[in-house]
Amino acid sequence: YWMDQDLGYPLECHIEGPKYNSVRLILSDHLVRGVVYTLEIQEGLLACDGSSAEGLSQLFALPDPIEKGDLVFNEVLFDAAIDDGEYVELVNRSSKILETSGLSISRIKINQYDTSWYTVDLNGALLFPQDYIAYSPSASQVLKVYYSENPGHIISLADLPDLPNSEGHLILHLSSSPDYIIDELQYDESMHHSLLRVTKGVSLEKINLYGGNEVSNYHSAASSVNYGTPAYQNSQFLEEKTAKSAFEISPEIFSPDNDGFEDILQINYQMNEVGYQLNLIIYDSRGRKIKHLVQNELLGTEGVFFWDGQDEDFQNADLGIYILWFEYFDLQGKVGTEKLTTVLGGRL
């Protein structure tokens, strides 16, 4: 093992029993708070499959004291599409380096019959600023359904409290002191977008990372991410200041002749609010409908669509000018429309 920041090689290495799946390193100097170190595996160690572990590395640091609001609930999937596929996601929204050991997640159910706390202690994980971490009864089940940019931060916790499908109340707190609450979230199935006919397998995402946990700051995840974003930025993430909603296309002229150059029309969008649904219809220059490319799709705050130049019958459209008609609307009656043009080119 080797470490940067002048630490070099450890003075001693001790493999810890009884499972022998961890190593304790005795360092040559004290760690300094606020400094991020890199631990690197040198030549000579093998991975479990017998391959060389040389070059594997990991960042580490002394964690900072955790305070209320440093680590917050950011997403919850309480009605999973498959067994053990539920998850609860946290995000470090502070500028600190945080450590999750010593923290617990509890689900509380307080009524005249039941005042129990259903609690699980979190495994130790180091979270740098803006890091996400998701906890599930089975990380592998989550990854069967959802893509993640950071699958290593989806952690299996067999004892994660059950998440009721109708409503629930979650608390993140110190394990040693349940009264010291870091964050809490009350969710309800009615918080989902009301035009979603099926909400099974759809997570609720926080809109503004620095907002609270009120109902208005959560929204159903977008269809473009298969309705869930475990351990990475939410599809409905919205900063305090965002540009006016807009659609952009690239390139202005595309030629779907499969030559590897500008074969596909890329359609990017960025919305300044959440909750919009989109219809996108493509017309030719004479006003004839060619393709209903997007039909009542729930949008995220940003995303992309593609047109391959085919019509509704999966036939190649003729060369010429085409009009893209965007109509987007939300449940509050806001309706917007935009029109863009593109040219489908090619060899005559």
Item to check | Heavy-atom check, side chain of Ile66 versus side chain of Leu174, under 4.5 Å | outcome: yes

Checklist entry - If every non-hydrogen atom of His153 is compared with every non-hydrogen atom of Leu127, which pair is closest and at what distance? => result CE1-CD2, 3.7 Å

Item to check | Donor-acceptor contact below 3.5 Å, side chain Asn92 vs main chain Gln130 | outcome: no

Checklist entry - Should Ser51 and Asp49 be marked as a side chain to side chain donor-acceptor pair (under 3.5 Å) after you check the CA-CA gap, both sets of side-chain angles, and the distance that decides it? => result CA-CA 6 Å; Ser51 62; Asp49 62 2; 2.6 Å; yes

Next on the checklist: Are Leu204 and Val274 linked, directly or through intermediate hydrophobic residues, by side-chain heavy-atom contacts shorter than 4.5 Å (ILVMFWY only)?
Outcome noted: no

Item to check | Residues forming a salt bridge (Lys or Arg N to Asp or Glu O under 4.0 Å) with Lys334, sequence neighbours excluded | outcome: Glu273

Checklist entry - Arg107 side chain to Asp162 main-chain N or O, any donor-acceptor pair under 3.5 Å? => result yes

Item to check | With sequence neighbours excluded, residues passing ring-ring contact (aromatic ring centres under 6.0 Å, His included) with Tyr132 | outcome: none

Next on the checklist: Closer than 3.5 angstrom, by distance alone: can the side chain of Asp330 be matched with the main-chain N or O of Gly333 as a donor-acceptor pair?
Outcome noted: yes

Checklist entry - Only one of Ile181, Leu90, Val72 forms a side-chain contact (heavy atoms from CB on, under 4.5 Å) with Leu172, so which one is it? => result Leu90

Checklist entry - Are the aromatic rings of Tyr283 and His292 close, with centres under 6.0 Å apart? => result no

Checklist entry - Donor-acceptor pair, Arg93 side chain versus Gly69 backbone, under 3.5 Å? => result yes

Item to check | Leu126 vs Gln58 side-chain heavy atoms within contact, under 4.5 Å | outcome: no

Next on the checklist: Measuring only between side-chain heavy atoms, which start at C-beta, is Phe254 closer than 4.5 Å to Asp263?
Outcome noted: no

Next on the checklist: Between Glu89 and Asn74, does the side chain to side chain donor-acceptor pair (under 3.5 Å) criterion hold? Intermediate values first, please.
Outcome noted: CA-CA 6 Å; Glu89 182 190 80; Asn74 191 56; 2.7 Å; yes

Next on the checklist: Quick one: does any side-chain atom of Thr38 pair with a main-chain N or O of Leu59 as donor and acceptor, under 3.5 Å?
Outcome noted: no

Item to check | Test item: Ser235 side-chain N/O and Ala222 main-chain N/O as donor-acceptor pair under 3.5 Å | outcome: yes

Next on the checklist: Counting C-beta onward and ignoring hydrogens, is there a side-chain heavy-atom pair between Ser224 and Tyr269 closer than 4.5 Å?
Outcome noted: yes

Checklist entry - Is there a chain of hydrophobic side chains (I, L, V, M, F, W, Y, each step under 4.5 Å between heavy atoms) that links Trp307 to Phe305? => result yes

Checklist outcome for this item: When rounded to the nearest 0.5 Å, the distance separating CG of Asn234 from OG of Ser203 is 7.0 Å

Item to check | For His193, all residues meeting ring-ring contact (aromatic ring centres under 6.0 Å, His included), sequence neighbours excluded | outcome: His219

Item to check | Close side-chain approach of Tyr1 to Leu45, heavy-atom, < 4.5 Å | outcome: yes

Checklist entry - Does Leu324 reach the side chain of Ile249, with side-chain heavy atoms less than 4.5 Å apart? => result yes

Next on the checklist: Going by the rule salt bridge (Lys or Arg N to Asp or Glu O under 4.0 Å), which residues pair with Arg33 if we only count those two or more places apart in sequence or in a different chain?
Outcome noted: none

Checklist entry - In terms of side-chain heavy atoms, does Asn213 have a donor or acceptor partner in Lys206 at a distance below 3.5 Å? => result yes

Item to check | Atom pair CG/CG of Asp29 and Leu27 - distance to nearest 0.5 Å | outcome: 8.5 Å

Checklist outcome for this item: Under a side-chain separation threshold of 4.5 Å, the hydrophobic residues clustered together with Val142 are Leu77, Ile82, Tyr87, Leu143, Val145, Tyr146, Ile154

Next on the checklist: Same cluster or not: Phe326 versus Leu298, using hydrophobic residues (I, L, V, M, F, W, Y) connected whenever any side-chain heavy atoms lie under 4.5 Å apart?
Outcome noted: no

Next on the checklist: Quick check: do His169 and Ser106 have side-chain heavy atoms less than 4.5 Å from each other?
Outcome noted: no

Next on the checklist: Does Ile15, at its CD1 atom, have more than 12 non-hydrogen atoms belonging to other residues, nucleotides or ligands within less than 6.0 Å?
Outcome noted: no

Next on the checklist: Distance check, rounded to the nearest 0.5 Å: Ile281 atom CD1 versus Lys339 atom NZ?
Outcome noted: 13.5 Å

Checklist entry - Between CD of Glu205 and OG of Ser220, what distance do you get to the nearest 0.5 Å? => result 9.0 Å

Checklist entry - With sequence neighbours left out, what residues match Phe329 under ring-ring contact (aromatic ring centres under 6.0 Å, His included)? => result none

Next on the checklist: Can you list everything that forms a salt bridge (Lys or Arg N to Asp or Glu O under 4.0 Å) with Lys96? Sequence neighbours excluded, please.
Outcome noted: Glu67, Asp70

Checklist entry - What's the verdict on ring-ring contact (aromatic ring centres under 6.0 Å, His included) for Tyr187 and His192, showing C-alpha distance, side-chain angles and the deciding distance? => result CA-CA 10 Å; Tyr187 68 82; His192 277 299; 9.4 Å; no

Item to check | Donor-acceptor side-chain pairing of His14 and Glu16 below 3.5 angstrom | outcome: no

Item to check | Apart from Tyr232 itself, residues in the same hydrophobic cluster as defined by side-chain heavy atoms under 4.5 Å | outcome: Tyr147, Val225

Checklist entry - If you group Ile, Leu, Val, Met, Phe, Trp and Tyr by side-chain heavy-atom gaps below 4.5 Å, do Val91 and Leu98 land in one group? => result no

Item to check | Thr301 side-chain N/O to Met271 backbone N/O, donor-acceptor pair under 3.5 Å | outcome: no

Item to check | Inter-residue atom distance Lys200.NZ - Asn165.CG, 0.5 Å rounding | outcome: 6.0 Å

Item to check | Phe73: ring-ring contact (aromatic ring centres under 6.0 Å, His included) partners, not counting sequence neighbours | outcome: none

Checklist entry - Is the closest side-chain donor-acceptor distance between Thr229 and Glu75 under 3.5 Å? => result yes

Next on the checklist: Taking the side chain as everything from C-beta on, heavy atoms only, tell me whether Asn279 gets closer than 4.5 Å to Leu293.
Outcome noted: no

Checklist entry - Which heavy atom in Tyr227 sits nearest to a heavy atom in Ser223, and how many Å separate them? => result OH-CB, 3.2 Å

Checklist entry - Any chance the side chains of Ser138 and Ser136 put a donor and an acceptor closer than 3.5 Å? => result no

Checklist entry - Side chains of Gln42 and Glu40: do they bring a donor and an acceptor to under 3.5 Å? => result yes

Item to check | Residue pairs fulfilling ring-ring contact (aromatic ring centres under 6.0 Å, His included) with at least one residue in residues 34-61, sequence neighbours excluded | outcome: Tyr37-Phe60

Next on the checklist: With no hydrogens and no angle check, just 3.5 Å: does a side-chain donor-acceptor pair link Asp188 and Ser190?
Outcome noted: yes

Next on the checklist: My understanding is that a hydrophobic cluster links ILVMFWY residues whose side chain heavy atoms are under 4.5 Å apart, including indirect links. Using that, what else belongs to the cluster containing Ile321?
Outcome noted: Ile253, Val343

Checklist entry - With clusters built from Ile, Leu, Val, Met, Phe, Trp and Tyr whose side-chain heavy atoms come within less than 4.5 Å, directly or transitively, what are the remaining members of the cluster of Phe306, listed by chain and number? => result Ile264, Val304

Checklist entry - Is a side-chain donor or acceptor of Ser101 paired with a backbone partner of Asn123 at a separation under 3.5 angstrom? => result no

Checklist entry - Does any N or O in the side chain of Thr342 come within less than 3.5 Å of the main-chain N or O of Glu252, such that one atom is a donor and the other an acceptor? => result yes

Checklist entry - Quick one: CG on Leu71 to CG on Leu122, what's the gap to the nearest 0.5 Å? => result 8.5 Å

Next on the checklist: Same cluster or not: Leu170 versus Leu160, using hydrophobic residues (I, L, V, M, F, W, Y) connected whenever any side-chain heavy atoms lie under 4.5 Å apart?
Outcome noted: yes

Checklist entry - When you check the side-chain N and O atoms of Asn268 and Gln266, is any donor under 3.5 Å from an acceptor? => result yes

